[in-house]
Amino acid sequence: MTDEVRTERQPHEPAGPAPAIDVRGLRYAYGDRVAVDGIEFTVAPGEVLGFLGPNGAGKSTTIKVITGQLIPSGGEVRVLGMDVVKRRSEVQARIGVCFEEKNLYTALSGEENLRFFARLFGIRNPDVAGLLRRVGLQERGRDRVANYSKGMRQRLMMARALINDPQVLVLDEPSDGLDPTSARTIRDLIRERAEAGTAVLLTTHDMWEADELAHRVAFLHQGRVYAEGPPEELKLRHGRRAVRIRTRRDGQIHEETVPLDEEGASQRLARSMDDGELLTVHTEEATLESVFVQMTGTGLQ
Amino acid sequence: MTRLGAVSAIVRKDLTEFVRDRLWMVLTPLALVLFAVVFWLLPAEEDATVVVGVTPGALATALDLAARAGGGDPQAEGLRLVPFESEAALIDAIDQRRRVETGDDGREQVVQVGLAFPSDFLGAVLLGRETTVRVYVDASVPPELRGAMAGAVREAAYAATGSPPPVTPPDADAAVLGVDRAAQPVPLRERMRPLLAFFVLLTESLALASLLASEVASKTLSAVLATPTRVSDVIAAKGFVGTTLAFGQAVVLLLVTQAFAFGANPLPLLAAVALGALLMAGVALLTGAAGGDFMTTLFLGVALMIPLTVPAFALLFPGSDSLWVRLLPSYGIVQAMVGAGTHGHGFGVLAGHLATGAAWAATVFAAGGFVLARKARTA
């Protein structure tokens, strides 16, 4: 099962000689406070990298450096083979960013927002109608964003991130607090773009979302990458697997948890299941969050 | 993507946001109308004549004749002598601020000063007896005029007796530096015009600052700077929008108040207004970027605007432009506005004021751009 999942989530295009995002020894400090401390990771074209970490871990700073908004204190960041400091404009022209804040112009309509950003990218005839249709806002494109719901705003943010048909997508909490329908639209779009060859850097607090979308995840804590790899592999490597068995014996209900990673687990499991009337069997698998907590000693929220 | 394209996109977006902002779309025309109304309600003429009531009435004619015999012309020097029948009537006129006919032209004016001579004044001074002349003054009369009136009474005594003063007074030849506006003072309305124009610039500056603050607070600026757009493009666009809006509004006010008529020099006046608009756009960048929210921006804006309006206020109170007022960024601009608008001076005369104004406008705008750039990096 694990292998099947991993196979399904292989990047659409295998990583070539030049990763779409290549971060090496990145360091950034706000005065004396080090926000990012020598992190390294890559994202291949068509790959979704889940960037996980609690608030203040350095995710936003890393995103700002990758998107050319901050100049790193040290290290090197290349996007599509280009140095983000030396060729910032060229890099920015090929990146789509979806911010955590709903930073849209609320006095403008959805269409006007998209057309404005298209002009900033130098795009003369953007497919505004197509993008609005893709995020389900075709009927509300001419309404002012001030009248949009949170979910509609987030979908418009996603459309804005795609206005320049980017080769790299940087998404900061794209489905945070959304209703299930809007969240599904966003996830479908992310999958769609990855399948089309876009490299996606996704930060999220939602472990289920990261598990669902990301080919690989990187755990960021206190400005450092603690672990990196496919979600299943991380869970298998660092997580705790167990089976919880509930039986009735002599009129009493008994519950036993059998760790699967210990020696003799199969025999102990068989013995427990035969011991009385079997009521329920639950498997316990590690979650990304539990792995994160185990590795860093802190939660993700 | 050309930088001009980015700047023009931001300008179009900002103008759209501005016209859709109900607050500023109400405040902008309202401010214009209000300032224009204030201007037209102010008196169009400045009456600098000092009206002096004299009792007994016969002495008024005698003093007037004596002054003319001495080669003077009281009316040309801004002095009108009005006879009163009694001291009680004179006191009542001054105290109640009654308007009385002051000359052959039928003008009615308020009597500000009264000279009540005793009935035996001439006899007393001729015989060398001590006598007292009561000088009544309205509360609004400045102290120096009260002193001048006491001096005038002594002069009247010498004139009446034909005796010279104890010493031979030297001739004093007054030389007026600058425009001699004796008997033709600048009306209050004209003096208020630069102040009103500055208030219009201030209103527009607050509008730009508020738009910018909301852009910083909502982090739309971060979204713009994640595209190939540079901070300098944003500063250029905001500066253009702010300067154009403020300049346009101020010019409308100047047109409505007929600032370009009656001997004004339009080009230097427009140049001064443009510099004022640039200065205010710089202030807007500073306050909008530093403020972060509407109330803080408003507070910072007003805090900076108060000193900037001081040079315009100083025009209302001649002689109040002390050194620190002259050092304020708006001083040169206000002086250029007055020089071109009221006195019709050209670029040659106003070069110093315009250069100082331009230097300050550029400095404040650069400071605003610097603060915005820093904010963009840290937001």
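Note on naming: letters A, B, ... go to the chains in the order of the sequence lines (proteins, then strands), and numbering restarts at 1 for each one.
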query = Between B/Glu17, B/Glu215, B/Lys13, which residue shows the highest count of heavy-atom pairs closer than 4.5 Å to chain A?
reply = B/Lys13

Region of A/Ile71 that comes under 4.5 Å of a non-hydrogen atom in chain B = neither

query = Which atoms of A/Leu108 come close to chain B, meaning under 4.5 Å heavy atom to heavy atom: side chain ones, backbone ones, both, or neither?
reply = both

key: For the student: nearest non-hydrogen atoms of A/Gly50 and A/Ala214, plus distance   = N-CB, 3.6 Å

ask   = What closest approach, in Å, do A/Val91 and A/Asp83 show between heavy atoms, and which atom pair accounts for it?
value = CG2-O, 4.2 Å

key: Contact origin within A/Tyr105 toward chain B - heavy atom pairs under 4.5 Å   = both

ask   = Can you name the closest pair of heavy atoms from A/Asn164 and A/Phe121 and give their distance?
value = ND2-CE2, 3.2 Å

request  = Count the heavy-atom pairs under 4.5 Å between each of A/Arg144, A/Gln92, A/Glu101 and chain B, then report the option with the highest count.
outcome  = A/Gln92

inquiry  = Looking at every non-hydrogen atom in both residues, tell me the closest pair between B/Gly341 and B/Ala264 and how far apart they are.
reply    = O-CB, 3.4 Å

inquiry  = I'd like to verify something: which residue of B/Ser214, B/Ala226, B/Ser218 has the highest number of heavy-atom pairs under 4.5 Å with chain A?
reply    = B/Ala226

Spacing of B/Phe299 atom CZ and B/Thr287 atom OG1 [to the nearest 0.5 Å] = 12.0 Å

key: Contact class of A/Glu90 relative to chain B, heavy atoms under 4.5 angstrom   = neither

request  = May I ask you to decide if the ring planes of B/Phe199 and B/Phe313 are parallel, tilted or perpendicular, using 30° and 60° as cut-offs?
outcome  = perpendicular

task = Heavy-atom distances under 4.5 Å only: say whether B/Val224 touches chain A with side chain, backbone, both or neither.
result = both

Under 4.5 Å from a heavy atom of chain B, the part of A/Arg115 involved = neither

query = Where is the tightest heavy-atom contact between B/Leu253 and B/Ala36, given as atom of each residue plus distance?
reply = CD1-N, 3.8 Å

